[in-house]
2 protein chains.
Amino acid sequence: MKKTVDIITRLSEHGYRLTPQRMMVLAAIEKSDHHISAEEIYAQVVTKYPHFNISTVYRTLELLHRLGLVTETDLGGGRVRYHPADKGHHHHLVCQECGRVIDLDESVMDHLKLVLRRDYNFEPDIRHMAFFGTCADCGK
Amino acid sequence: MKKTVDIITRLSEHGYRLTPQRMMVLAAIEKSDHHISAEEIYAQVVTKYPHFNISTVYRTLELLHRLGLVTETDLGGGRVRYHPADKGHHHHLVCQECGRVIDLDESVMDHLKLVLRRDYNFEPDIRHMAFFGTCADCGK
DNA sequence: AAATTTATTGCAAGCTTTTGCAAATAAAAT
DNA sequence: ATTTTATTTGCAAAAGCTTGCAATAAATTT
């Protein structure tokens, strides 16, 4: 399990600056126990740093995602949710009827990953997927 | 291959009204040879119907998607793209480096669909997926 | 054919996310 | 320690999409 300090090292190694804003966004994501939204990160940081702007949250999230340190997932609800990539890769089933979110083990995507690599020579970024559909209860 | 008239029948059967706006949105989607965006549909219809509003496009697309007549897919580029569901189910690989879009046969998702149905009793709506990643050329 | 009912539309406002740009500042060079 | 540099930030505006609501109009009933 990677720690915040390792992510900081990665940023530094890639030549990105270690700004207080980035450190606070990172802390908010790492300490969150759920799939956090940009607005939630903003709300946490702005209490300590009143000038803080939400566009910095989005830019930091884009950077962390591009470096593979954070996953971005649309779980419905009209906003994207973020999760530290090191806190376990997993996927979700989202019921479009009742909104229920079912956790899925990472391994369910292994076969598809293999096919895309082998048959299409494509390296997919499948670390945190959400599939929409109808759950057992709602399907009668 | 389903025709526009069949979609109109389905709408009518479900008790939805056959308004001129809906007919024009439908015509724009059906006659498009690519994955069309809401803005493109709006631009086409508004030339014939100046009062036309883009919120009607989004509401019509949501309805057609809910009835399974149209697929919604994020192919990158900051906007969702729409496609008639009857024009062949297929999927895409989107390269995050060069933006290249590779077409994928519907069957690549068969195994995953089976697993989700069998092991999770979940009926997934996997009719038009896009997977992001790195294509053969960009992966060196 | 007219009246009734109820879904749908247009409009305006709002929400989430992105972007251009000048000012600020982290890190490197002196 | 100071200056230089290039990245990053805050701000404002905009893009894409959604939603509340009163007015409109499709379809049903009379």
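As the structure is a prediction and not an experimental result, all values here were calculated from the model. Side chains are part of it too, since the values below use all heavy atoms of this structure and drop only hydrogens, waters and symmetry mates. Throughout, a chain's letter reflects where its sequence line sits, starting with A, and its residues are numbered from 1.
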| note | Winner on side-chain proximity to R17(A), out of dT9(D), dA27(C), dG10(C), is dA27(C)
| field | d(NE2, H51(B); C1', dT9(C)) in whole Å | value | 12 Å
| Atom NE2 of H34(B) with >12 non-hydrogen neighbours under 6.0 angstrom | yes
| query | Rounded to whole angstrom units, what separation is found between the NE2 atom of H14(A) and the P atom of dA27(C)? | reply | 16 Å
| Of all the choices, dA12(D), dC21(C), dT19(D), which nucleotide is nearest to the side chain of R59(B) once you look at every atom? | dT19(D)
| message | Expressed as a whole number of angstroms, how long is the span from M24(A):CE to dA26(C):C1'? | response | 14 Å
| task | Please report, rounded to the nearest Å, how far the P atom of dT8(C) is from the CG atom of L64(B). | result | 12 Å
| Among M129(A), M109(A), H111(A), which residue meets the side-chain contact (heavy atoms from CB on, under 4.5 Å) test with L112(B)? | M109(A)
| said: Both F52(A) and N53(B) contact DNA chain D. Which one's nearest nucleotide lies toward the 5' end? | reply: F52(A)
| query | Contact class for Y49(A) (heavy atom, under 4.0 Å): base, sugar-phosphate, or nothing? | reply | sugar-phosphate
| message | Do F132(B) and L93(B) have side chains that approach each other closer than 4.5 Å (heavy atoms only, starting at C-beta)? | response | no
| Phosphate-side-chain proximity, T56(A) and dG10(D), N/O vs OP1/OP2 below 4.0 Å | yes
| note | Walking DNA chain C from its 5' end, the first of Y16(B) and P50(B) to be reached, judged by nearest nucleotide, is Y16(B)
| query | Can you tell me how far the CD atom of Q44(B) sits from the CD1 atom of I36(B), to the nearest 0.5 Å? | reply | 5.0 Å
| message | Could you tell me how far apart Q21(A) (CD) and dA26(C) (P) are, to the nearest whole angstrom? | response | 8 Å
Check the interface with nucleotides 13-17 of chain D: list each N/O to N/O pair with the protein under 3.5 Å, or write none.
residue	atom	partner	partner atom	Å
dG16(D)	OP1	R79(B)	NH1	3.1
dG16(D)	OP1	R79(B)	NH2	2.3
dC17(D)	OP1	V80(B)	N	2.8
dC17(D)	OP2	Y58(B)	OH	2.4
dC17(D)	O5'	Y58(B)	OH	3.1

| field | Parallel, tilted or perpendicular: rings of Y16(B) and H14(B) (30°, 60°) | value | parallel
| query | Taking atom P of dT16(C) as reference, at what distance in whole Å does atom CG of D74(A) sit? | reply | 13 Å
| query | How many Å lie between CG on L61(B) and P on dT19(D), as a whole number? | reply | 14 Å
| said: Could you tell me how far apart M23(B) (CE) and dT8(C) (C1') are, to the nearest whole angstrom? | reply: 12 Å
| task | Flag the pair D137(B) and R100(B) as a salt bridge only when some basic side-chain nitrogen lies within less than 4.0 angstrom of an acidic carboxylate oxygen. | result | yes
| query | Would you say the ring centroid of H90(B) lies under 6.0 angstrom from that of H35(B)? | reply | yes
| task | Determine the contact category for R22(B): base if any of its heavy atoms lies under 4.0 Å from a base atom, sugar-phosphate if only primed atoms, P, OP1 or OP2 are that close, otherwise nothing. | result | sugar-phosphate
| said: For a quick test of reading the model: is some side-chain N or O of T19(B) closer than 4.0 Å to OP1 or OP2 of dT9(C)? | reply: yes
